[in-house]
Amino acid sequence: AYIGPSAHIEAHGDTGLSLSATSTENVTTVAVAGGGAGTVGVAGSVTVNVLTETTRAFIGQGVQVHATNVSVIASGDTAVVSTAGSVSFGGTAGVGAGAEVEVFTKTTEAYVGKGAEIDADENVSIVASSSEDLLSITVSGSIVGTAGSAGAGGGSEGMGRGARLLRRLCRVCRAVG
């Protein structure tokens, strides 16, 4: 959510100007495999999640705001549950594997652009918040008469700015009380 460059905003009321951007992701992935044979049973499963999330709330460059209150809020909430598993069985041999991979990039920002003028009668609030809840489960098993092998693994990579509050210089950024 944003106000474009060089806009002129008048917001005189109880609320004033409220600008909000919210992003919510709830992701669940499940991969299950099974294999069996009289001689050799083989099974494997993989889950891969690649997430790129950007949430921004901002007042653009050169914007003039005259308001009772000004709030700029960006929030991003992400929950991921990922499961991979396999079961294999065979008379002579069984091989089972499960793997889970997460690649996560997230940016959450709230800011006022360069050269913006904010004149608020009461409060100016600029807030960015971000939360992440990641759960990865991998399971693998083999049931055999003679020889068996099973493996499971998971990993995640996350990078980003998380909750980042950017307060750029403006010509006038004040609350008169």
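These figures come from a predicted structure and were not determined experimentally.
With sequence neighbours excluded, the residues that form a ring-ring contact (aromatic ring centres under 6.0 Å, His included) with His8 are His66.
How far CG of Asn49 is from OG of Ser136: 9.0 Å, rounded to the nearest 0.5 Å. Put simply, OG on Ser130 and CD on Glu109 are 11.0 Å apart, with the number rounded to the nearest 0.5 Å. For the atom pair CD (Glu102) and OG1 (Thr29), the distance works out to 6.0 Å, reported to the nearest 0.5 Å. Once rounded to the nearest 0.5 Å, the distance linking NZ of Lys106 with OG1 of Thr52 reads 12.0 Å. Interatomic distance, CD1 of Ile3 versus CG of Leu17, reported as 4.5 Å (0.5 Å rounding). Put simply, OH on Tyr2 and CG on Leu19 are 11.0 Å apart, with the number rounded to the nearest 0.5 Å.
Of all the heavy atoms in Asp14 and Thr68, the pair that sits closest is O-CG2, 4.4 Å. Contact between Ser45 and Ser86 at its shortest, heavy atoms only, is OG-N, 4.2 Å. The shortest non-hydrogen separation linking Thr108 to Gly76 is CG2-N, 3.9 Å. The nearest pair of heavy atoms linking Ala33 to Gly44 is CB-O, 3.1 Å. Counting all heavy atoms, side chain and backbone alike, Thr15 lies closest to Ser18 at CG2-CB, 4.2 Å. The minimum heavy-atom distance linking Ala43 with Gly34 is given by the pair CB-C, 3.7 Å.
Val30 and Val101 end up in different hydrophobic clusters when Ile, Leu, Val, Met, Phe, Trp and Tyr side chains are linked at under 4.5 Å.
With a 4.5 Å cut-off on side-chain heavy atoms, Asn123 and Ser125 do not count as touching. In this structure, Ile118 and Val112 have side chains that are in contact, with non-hydrogen atoms separated by less than 4.5 Å. When side chains are defined from C-beta on, Val27 does not count as touching Val81, because their heavy atoms never get closer than 4.5 Å. Side-chain contact between Thr28 and Asn26 is absent, with no heavy-atom pair separated by less than 4.5 Å. In this structure, Val124 and Asn69 have side chains that are not in contact, with every pair of non-hydrogen atoms separated by 4.5 Å or more.
Ser88 contributes no side-chain N or O that, together with a main-chain N or O of Gly36, makes up a donor-acceptor pair within less than 3.5 Å. Lys114 places no side-chain N or O within 3.5 Å of a backbone atom of Gly60 that could act as its donor or acceptor partner.
The list of ring pair (Phe, Tyr, Trp, His ring centres under 6.0 Å) pairs with a residue in residues 119-139, not counting sequence neighbours, is empty.
With Ser23 as reference, Thr55 is the one residue of Asp77, Thr55, Thr78 to meet the side chain to side chain contact (heavy atoms under 4.5 Å, CB included) rule.
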